[in-house]
Structures are given as C-alpha cells and as structure tokens.
Amino acid sequence: MHDLIIIGGGPAGLTAALYAGRSRMDTLLIEKMSLGGRILMSEMIENYPGFPGGILTSELISRMEKQVRELGVKIESEEVLELDCAKKTVKTSNGLSESRAIIIASGSRARKLNVPGEEKYTGRGVSYCATCDAPFYKEKKVVIVGGGNAVAEEAVYLSRFASSVNIVHRRQDLRASMILQEKMQQDKKINFILSSVITEIKGSQKVEAVRIKDLLSGKESDFNCDGVFIYIGYEPETVFLKGKVQMDESGFIICDEIMATSAEGIFACGDCRKKSLYQVINACGDGAVAADSAYKYIAAKG
Ligand code: NAP
C-alpha cells in the first residue's frame, strides 16, 4: 500500500512526485514510455523561467528525474490498464498497486489528420515528431501542418535540415505566439500555404506528395514533398478513465482549483486536464498543487 500513485511522468507528474517526495509520502510514479512524455518531441524549451536562451528538453527532464529519485520516489515503467477510483487501485501489465490517493498526470498524444495515406505512410514520410525525425530530411522538401506554437517551433527546427519547409494551415492567420511567428518570417526556407488543407498523402514506398485543397478557390493540386509533419494539437490520454471521472466532450478531465476530480481522492494535473493554457510551466504548477492536495486529503483521512 503506497500513500500516493502518480500516473504519468511528464513535467506535471514529475513535479507532483517532487512535492510528494518532499512531503515524505510513499510515492509510486508509473510511466508507460520515457520520463518526460510528449514534451520530449520538442528539442528545446525556450519559455521555462530561469533559462535564458532556453534549455534542452532532455536536460530539463533528466534534472527533474534526478531530483525525484533523490527523494526516494519509486518509478516504474508500465502501462496502466485499469483504475478503481473507489478502492484506489491501479492495474498495470505487471499487477495491481494500491494507494491512499491517486494523481493522474497522463498527458496527451498527437491528434491525427485522418486523411487517406496518413496511416499507410506513418514512419515512411509521415511523422508527428520533428525532433526525432528531422535528420532524415536533410536537403529534402517537407510539409508541416497546423498553425500553433508547435508548428512554429518545429518549422524552425526542421529548416536546419530540410531544403524547404512548407507550412499548410487551414486559416489565413496562425495562432502561434508572435515571437515564434517572427522567427518563422525571418527564415528564408519557410514558406506558407494558407487557407489550405491536405486531403490526401500520396506515395509508393514512401511519401512523394500531398494533395492540397485551397479553401478559398476550392481547387486541388498535388504538391511534391518527401515528408509530412503533423502538428494539429493533442488529445488527452484518458481512455482508461472513461466513465470514472468527469471529463469534457474531448476527454479532458474536469478539475477544481485544487486539482480534485469528481472522484474522491483522485486528482489530475497537466495536459490531461481541461484548462486554458498548455505549457510546461503550468503543468509543473498543476503538479505541485495536486501533490499538496493529495497530502492534505490523506492527512484528513487519518
Ligand atoms: P494548437 O495550439 O492547438 O494548434 C493546433 C493547430 O492545428 C491550430 O492552428 C489549428 O487550426 C490546427 N488544426 C487543428 N485541427 C486541424 C485539422 N483537423 N486540420 C488542419 N488543421 C488543424 O496545438 P499545438 O501547436 O500542437 O500546441 C498544443 C499546445 O501546446 C498549445 O497549448 C500550445 O500553446 C502548447 N505549446 C507551446 C509551446 C511554446 O509555448 N513554446 C510550444 C509547443 C506547444 P486553427 O488555428 O484554425 O484552430
């Protein structure tokens, strides 16, 4: 029996573990992939306070991990299959663990474009991670889809490798922050194909072109390219919680200001919960609040 189980080892889960460890709670953190989660898909973090010029994401995560391990938090690499909110048990591929409170920090996964060819060419030209795959596109022509901060950051990163980076966005305006838009405008290798959507990804053994529809004229044409990077937002990793805690229509967990979910003793933090801003800084803030709330919940139970 642990005091606390934390599901997910991204910035939110790791910060929750840090605060739990410092409160001397017996804490188990379960992560199915690598510690760090989705943020590892970005090479650098430029807006985390205290690091002028940015910090490598891998460096920030390994510092967080070290801090947590020094406090004696147990970290297991397993996939959570089922959760019993009333009994506070977590079933994983390795068995059943029990605790007095649970924090969900399961994060989110890349949203799919859902066009013909996307699935077929995933890993053969279609990618959701420029940091992982950009070196394969040295002097090649790539397309990147979306208009948010992720596209802006990854387009600049890809332009270090590719011969041209072509952003396809469904509207005329991007929603990326102005500082990132300025960086893109200054980059001669980055081009914009606006008010347009991709209707198909084409190829033979690997990606060779995308079919693009101009939403203003309605015309469709093929655009030759070697790679397609998709950055159109994220979906919460909350399928294992369906019907157990209150969520919005997209599956983001609804929490109050102390990160409590609708189930007693179950807290949530980071990108899996519904909120207005999805950043490392407030994922960490959420994690601290969730751990504090879990501590107070356990103390009140006696
Ligand atoms: P996002 O901000 O949600 O933007 C998604 C983009 O994809 C939007 O431009 C959206 O278009 C477009 N889109 C959505 N569905 C689409 C579809 N089916 N077909 C074509 N386009 C589609 O997502 P994100 O850029 O991946 O970022 C996710 C979160 O992480 C955000 O909260 C973001 O601020 C944060 N983040 C922050 C940083 C940073 O601060 N440095 C870096 C990376 C990510 P519309 O604009 O028309 O809706």
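We count ligands from 1, going down the list as the structure has it; atoms in each ligand are counted the same way. Along the sequence shown, residues carry numbers from 1.
Among protein heavy atoms, the minimum distance from atom 37 (C) of ligand 1 is reached at Q279 NE2, 3.0 Å. Regarding atom 38 (C) of ligand 1, its nearest protein heavy-atom neighbour is N149 CB, 3.5 Å. Counting protein heavy atoms only, atom 32 (O) of ligand 1 is closest to Y278 CB, 3.4 Å. With hydrogens left out, the protein atom closest to atom 41 (N) of ligand 1 is E153 OE2, 2.7 Å, a heavy atom. Nearest protein heavy-atom contact of atom 16 (C) of ligand 1 is R170 NH1, 3.3 Å. At the top of the distance list for atom 18 (N) of ligand 1, counting protein heavy atoms only, stands I232 CD1, 3.8 Å. Protein heavy atom closest to atom 23 (O) of ligand 1, with residue, atom name and distance, is G233 CA, 3.4 Å. Here the protein heavy atom with the shortest distance to atom 1 (P) of ligand 1 is R175 CD, 4.2 Å.
Below 4.0 Å from some heavy atom of L113 lie the following atoms of ligand 1, by number and element: 19 (N). Of all the atoms in ligand 1, the ones that sit under 4.0 Å from a non-hydrogen atom of R171 are 45 (P), 46 (O), 47 (O). For ligand 1 and G147, the ligand atoms under 4.0 Å from any heavy atom of the residue are 6 (C), 7 (O), 8 (C), 9 (O).
Salt-bridge check for E208 with K202: failed, with every basic side-chain N at 4.0 Å or more from each acidic carboxylate O. K275 and D286 are joined by a salt bridge, as a carboxylate oxygen and a charged side-chain nitrogen come within less than 4.0 angstrom of each other. A salt bridge between K183 and E46 is present, with a side-chain N of the basic residue lying under 4.0 Å from a carboxylate O of the acidic one. Residues D222 and R211 are paired through a salt bridge, judged by an N-O separation under 4.0 Å between the basic side chain and the carboxylate. No salt bridge links R22 with E70; every basic N to acidic carboxylate O contact stays at or beyond 4.0 Å.
Side chains of Q181 and S177: no donor on one and acceptor on the other come within 3.5 Å.
In this structure, K219 NZ and S196 OG are separated by 12.5 Å, a value rounded to the nearest 0.5 Å.
The closest approach between H169 and ligand 1 falls below 4.0 Å for a heavy atom of the residue.
With a heavy-atom cut-off of 4.0 Å, N47 touches ligand 1 through its side chain alone.
Ring-plane geometry between F229 and Y137 is classed as perpendicular, the angle between the planes exceeding 60 degrees on a 0 to 90 degree scale with a lower cut at 30.
Distances from atom 24 (P) of ligand 1 to the heavy atoms of S276, A283, A150, S42 show the closest one on A150.
What you find for Y48 and C284 is that their closest heavy atoms are OH-SG, 3.8 Å.
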